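Below is one structure; the comments refer to it alone.
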Amino acid sequence: MPLNRPTASELVAAIAAYRQQPDADSRVDDYYGKIIRHLEALLAREATLSPRYQKNEREVIKQSADILGLKDSDAATLAEAFSQGVLPDALQKILSLWLPLAEEKLAIDNPRYPL
Amino acid sequence: MAITAERIGQVLPARLAGQVEISRCRRLTAGASADTWRVQATLDGQPQDWILRLDAGAEDLGMAPGKTWEARAQQAAGEAGCPVARVVTILSGQEGLGEGYLMEALPGESLPPVLLKDDRYRPARDGFCQQAAQALAAIHRTPPAVLDGLPVQDALTQVEQLYAMHQDYGEALPVFSLVYGWLKANAPECASPALVHGDFRLGNFLITDNGLQGVLDWELTHLGDPMEDLGWLCVNAWRFGRRHLPVAGIDSREALYLAYQAATGITVDPLHARYWELLGTFKWGVICQYQAYSYLRGHVPSLERAAIGRRVAETEYDMLVCLQDLTELNHAP
């Protein structure tokens, strides 16, 4: 479950592009101002929290690959195996690994999201 | 050719029987899939308040049947008893405005935060499940024969279509793949496809203090599994922060299921309805990706679209919660 796109650098570029050509309507510009403040806060959280998140993500992917008996433990291999379907017992174990990781990702992307 | 009020004023009167005088015509929204205008006029001297909905022609998730089908489904559901705006005329595209339709304007509020918080709408919230269920019952009893040719989209068709879209974005997101694998393996059959609204959620209802006045936005209508509409109504994105109230942030699933049973005589299988809730959450996740990639691929240079990409994390969490609930329901005695 890598951090989603747009990546941090893509978001920085998107904010810069808007600032170069802001909307002429002040109400619309205020709305985009809120979006920019939201994204800047997200970027600050990502800078702080993403190293730990990525470390935990690697561990969850490895443990999930072990549960499924996969030789390789990378996100793409795991996604391919998941797409083939997972047996109920393994599914319970996998859900218990991925739900906390999803919460950790929300702590970066939207910590106010009601859980 | 760009649609203007002048162009509408030239074209519309010729489509209507009677003497039409347009007094005001203004654009309400230019959305991703529809261009909506409010038209005030007289018809044979009688004042009219109309909504003109035109195909924006810009974006299509590949799930919309087109404005003619949208209008026909709305008409047919209205005839079956669903509260909808009466369709005045359907535009085929030959007239010079593109595909679209003209309907009567209805009173009411559609903004979810207002409907969920304003005390004025408390009685409407109290009666919401019953009225929503009655509207759904009418939609689902609409004879499919009158909509012969409207595409059938069963669960498996949608799951495969959405996963293909997800894969096209090229991100390996194991949660999407986990959910796809489960949805594919557990897809319910749809032996008797019914009319499905396809976007039955808060935001697409006009509500007054007297309750539900109209079901709007039929652009994702199709034939399929009626439980799809119940599941979509409960998707967490449409609870607007009220996770503990699954039905539009207003009521419990049990209240909706019982109201639907009372309106249709059909007992709702919670596993079946919750399957569609998971599929709906999966769909919303892919739609968030679609919007983000419309920015990333340079189709829509909007900062808002870029920001939506980081809401995919919300849908990943919601999918996992839904899937966990489903596995627990599956093992319940």
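Values in this document were obtained by computation on a predicted structure and should not be read as measured data.
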- Given the options A:Asp74, A:Ile15, A:Ile36, A:Ile35, which has more heavy-atom pairs under 4.5 Å with chain B than any of the others?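 Maximum pair count with chain B is reached by A:Ile35.
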- Message: Can a side-chain donor-acceptor contact be found between A:Asn4 and B:Tyr169 if the only test is distance below 3.5 angstrom?
- Response: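 The criterion, which ignores hydrogens and geometry beyond distance, is not satisfied for A:Asn4 and B:Tyr169.
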Could you tell me whether the side chain of [Y] reaches within less than 4.5 Å of the side chain of [X], counting heavy atoms only?
| X | Y | value |
| --- | --- | --- |
| B:Leu323 | A:Leu91 | yes |
| A:Arg5 | B:Tyr295 | no |
| A:His38 | B:Arg310 | no |

Which one wins on heavy-atom pair count under 4.5 Å against chain A: [options]?
| options | result |
| --- | --- |
| B:Arg311, B:Met319, B:Arg243, B:His244 | B:Arg243 |
| B:Val312, B:Leu296, B:Val179 | B:Leu296 |
| B:Leu183, B:Asn236, B:Asn186, B:Ile308 | B:Asn236 |

Got a second to check how far [X]'s [atom1] is from [Y]'s [atom2], nearest 0.5 Å?
| X | Y | atom1 | atom2 | answer |
| --- | --- | --- | --- | --- |
| A:Asp109 | B:Tyr317 | CG | OH | 14.5 Å |
| A:Leu78 | B:Leu178 | CG | CG | 8.5 Å |
| B:Gln167 | A:Glu80 | CD | CD | 7.5 Å |
| B:Leu303 | A:Asp23 | CG | CG | 11.5 Å |
| A:Ile94 | B:Gln324 | CD1 | CD | 13.0 Å |
| B:Leu320 | A:Glu103 | CG | CD | 10.0 Å |

[X], part contacting chain A, at a heavy-atom distance under 4.5 Å:
| X | value |
| --- | --- |
| B:Ala185 | neither |
| B:Phe176 | neither |
| B:Glu171 | side chain |

- Would you find more than 12 non-hydrogen atoms of other residues, nucleotides or ligands less than 6.0 Å from A:Arg27 atom CZ? no
- Item | Other residues, nucleotides, ligands: >12 heavy atoms within 6.0 Å of A:Asp89 CG | no
- Task: Apply salt bridge (Lys or Arg N to Asp or Glu O under 4.0 Å) to B:Glu316 and A:Lys105, showing your working.
- Result: CA-CA 9 Å; B:Glu316 288 176 312; A:Lys105 190 172 182 178; 2.5 Å; yes
- Item | Heavy-atom donor-acceptor pair, B:Lys184 side chain to A:Ser83 backbone, under 3.5 Å |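 Looks like yes, one N/O pair under 3.5 Å.
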Contact class of [X] relative to chain B, heavy atoms under 4.5 angstrom:
| X | value |
| --- | --- |
| A:Ile108 | side chain |
| A:Glu104 | neither |
| A:Leu99 | both |

Using every non-hydrogen atom in the two residues, find where [X] and [Y] come nearest and quote the distance to one decimal.
| X | Y | value |
| --- | --- | --- |
| B:Pro174 | A:Ala75 | CG-O, 4.0 Å |
| A:Ala79 | B:Ser177 | O-CB, 3.1 Å |
| A:Pro114 | B:Gly241 | CG-O, 3.5 Å |
| A:Ala76 | B:Ala172 | CA-CB, 3.7 Å |

